[in-house]
S.K.: 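The structure under discussion is supplied below as structure tokens; questions concerning it will follow.
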Amino acid sequence: MELKQDATTARLAVFSAVTSVYYVCAGVAVHLLNPAFSPVRNYISDYAVGSYGFVYTSAYWATFLGTLALSVALFRQLRPSVAGRIGALLIAVFGVTYALTAIFPTELLKPGEFPHGAAGAIHAIAALVGWIAIFTAALLVARAYSAEGASVLNRAAGPLRVLGWLLIVAFVGVIGVMASRQPVAGLAEKIFIALREIWLIVAAIALARAAGGSVSSEAIPQA
């Protein structure tokens, strides 16, 4: 199968991967810069309202821009399909929710506690919608990649699908921990986030390689 080669699409995908790497670096940095918070107990959003909050807020905006870039790249590169189109759209939805979480900061909450103010409620609801959007997109995009014939995208489909199911398991774990009011919600959330960023990086790199032509497609045998 002949993959489309498009320098603009490749650049968008590379940009998306870079923003995910930046997000990971910023997420690690705020834990070192603000040791007053507990990595196990505190949600990662708490680091956006404490000291050096601007560091994590910048990671929100990087994710917003990077996921929009990835969404556009998917629309440009993938063959038209329901799974691919909906998956790309949900990645954009996820990006928009991150912009909302940047605009409306979280409240510092006890385990399982729901926000009291409007800004905190918007933040929490946007985060929940974003999590659902991203693990749904993960499975849909993996399905779209698997339909791309013998190519770098097809080879990435399996790992992306596994990561998608792990995201669902991690999401259920986060909800369970929050519902039981256990003081480990921060750790559970960070496991979900780590899986999500790995998925985003793998998806973006595969897309960049396909669009950039660094890995040639293998010919599909004809019947």
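All residue numbers refer to positions in the sequence shown, counting from 1.
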S.K.: Hey, are the side chains of Trp199 and Leu160 touching, using non-hydrogen atoms and a 4.5 Å cut-off?
M.R.: yes
S.K.: With Trp61, which residues qualify under ring pair (Phe, Tyr, Trp, His ring centres under 6.0 Å), at least two apart?
M.R.: Phe64
S.K.: Check whether Glu189 reaches the backbone of Val174 with its side chain - one donor and one acceptor, N or O, closer than 3.5 Å.
M.R.: no
S.K.: Roughly how far, to the nearest 0.5 Å, is the OG1 atom of Thr97 from the CG atom of Leu90?
M.R.: 10.5 Å
S.K.: Just checking, any donor-acceptor pair under 3.5 angstrom between side chains of Tyr22 and Ser58?
M.R.: yes
S.K.: For Pro80 and Arg85, which heavy atoms make the closest approach, and how far apart are they?
M.R.: CG-NH2, 3.6 Å
S.K.: Shared ILVMFWY cluster between Ile44 and Ile103, side chains joined below 4.5 angstrom?
M.R.: no
S.K.: Please say yes or no: joined through hydrophobic side-chain contacts below 4.5 Å, possibly via intermediate residues, are Val184 and Val169 part of one cluster?
M.R.: no
S.K.: List in chain and number order the residues that pass ring pair (Phe, Tyr, Trp, His ring centres under 6.0 Å) with Tyr23, two or more places apart in sequence or in another chain; answer none if no residue qualifies.
M.R.: Tyr56
S.K.: Output a table of donor-acceptor pairs, distance under 3.5 Å, between side-chain atoms of residues 124-146 and any protein atom two or more places apart or on a different chain; print 'none' if there are none.
M.R.:
residue : atom : partner : partner atom : Å
Thr136  : OG1  : Ile132  : O            : 2.8
Tyr145  : OH   : Ala203  : O            : 2.9
Ser146  : OG   : Arg143  : O            : 2.6

S.K.: Which pair of non-hydrogen atoms, one from Ala88 and one from Leu74, has the smallest distance, and what is that distance?
M.R.: CB-CB, 3.8 Å
S.K.: Please examine the side chains of Pro115 and His123, heavy atoms only from C-beta on, and report whether any two atoms are closer than 4.5 Å.
M.R.: no
S.K.: Just how far is it from atom CG of Leu89 to atom CZ of Phe94, taken to the nearest 0.5 Å?
M.R.: 14.0 Å
S.K.: Any side-chain heavy atom of Leu78 sitting closer than 4.5 Å to one from Leu153?
M.R.: yes
S.K.: Side-chain contact, heavy-atom cut-off 4.5 Å: Leu187 with Arg41?
M.R.: no
S.K.: Using every non-hydrogen atom in the two residues, find where Thr19 and Ala62 come nearest and quote the distance to one decimal.
M.R.: CB-O, 3.4 Å
S.K.: Identify, with sequence neighbours excluded, every residue that meets side chain to side chain contact (heavy atoms under 4.5 Å, CB included) alongside Val162.
M.R.: Leu166
S.K.: Less than 4.5 Å apart, side chain to side chain, heavy atoms only: is that true for Gln5 and Gln77?
M.R.: no
S.K.: Name all residues meeting the ring pair (Phe, Tyr, Trp, His ring centres under 6.0 Å) criterion together with Phe37; count only those two or more places apart in sequence or in a different chain, and write none if there are none.
M.R.: Tyr47
S.K.: Please report the interatomic distance CG(Leu100) to OH(Tyr60), rounded to the nearest 0.5 Å.
M.R.: 11.0 Å
S.K.: Do Leu167 and Leu163 have side chains that approach each other closer than 4.5 Å (heavy atoms only, starting at C-beta)?
M.R.: no
S.K.: Applying the 4.5 Å side-chain criterion to the ILVMFWY set and letting contacts propagate, would Ile122 and Val49 be lumped into a single cluster?
M.R.: no
S.K.: Assess the residue pair Thr101 and Thr106 against the criterion (side chain to side chain contact (heavy atoms under 4.5 Å, CB included)); give the C-alpha distance rounded to whole Å, side-chain angles, the decisive distance to 0.1 Å, and a yes or no.
M.R.: CA-CA 8 Å; Thr101 55; Thr106 189; over 6 Å; no
S.K.: Between His31 and Pro39, what is the shortest heavy-atom contact and its length?
M.R.: CD2-CB, 3.7 Å
S.K.: Would you name the heavy atoms of Ser180 and Val177 that are closest together and state the gap between them?
M.R.: OG-O, 3.1 Å
S.K.: Please tell me whether Trp165 and Ile198 are part of a single hydrophobic cluster in this structure, the criterion being side-chain heavy atoms less than 4.5 Å apart.
M.R.: yes
S.K.: Working to the nearest 0.5 Å, report the span between CG of Asp46 and CG of Leu108.
M.R.: 5.0 Å
S.K.: Can you tell me if Glu107 uses its side chain to pair, donor with acceptor, with the backbone of His116 under 3.5 Å?
M.R.: yes
S.K.: Any side-chain heavy atom of Lys190 sitting closer than 4.5 Å to one from Tyr43?
M.R.: no
S.K.: Say whether Ile205 and Val72 are linked into one hydrophobic cluster, either directly or through other cluster members, by side-chain heavy-atom distances under 4.5 angstrom.
M.R.: no
S.K.: Assess whether atom CZ of Phe75 is packed by more than 12 heavy atoms of other residues, nucleotides or ligands within 6.0 Å.
M.R.: yes
S.K.: I want to check something: taking the side chain as every heavy atom from C-beta on, are Val24 and Ser20 in contact at a cut-off of under 4.5 Å?
M.R.: no
S.K.: Ignoring hydrogens and angles, write down the donor-acceptor pairs under 3.5 Å from the side chains of residues 8-16, residues two or more places apart or on other chains.
M.R.:
residue : atom : partner : partner atom : Å
Thr9    : OG1  : Asp6    : OD2          : 2.7
Thr9    : OG1  : Arg76   : NE           : 2.9
Ser16   : OG   : Gly66   : O            : 3.0

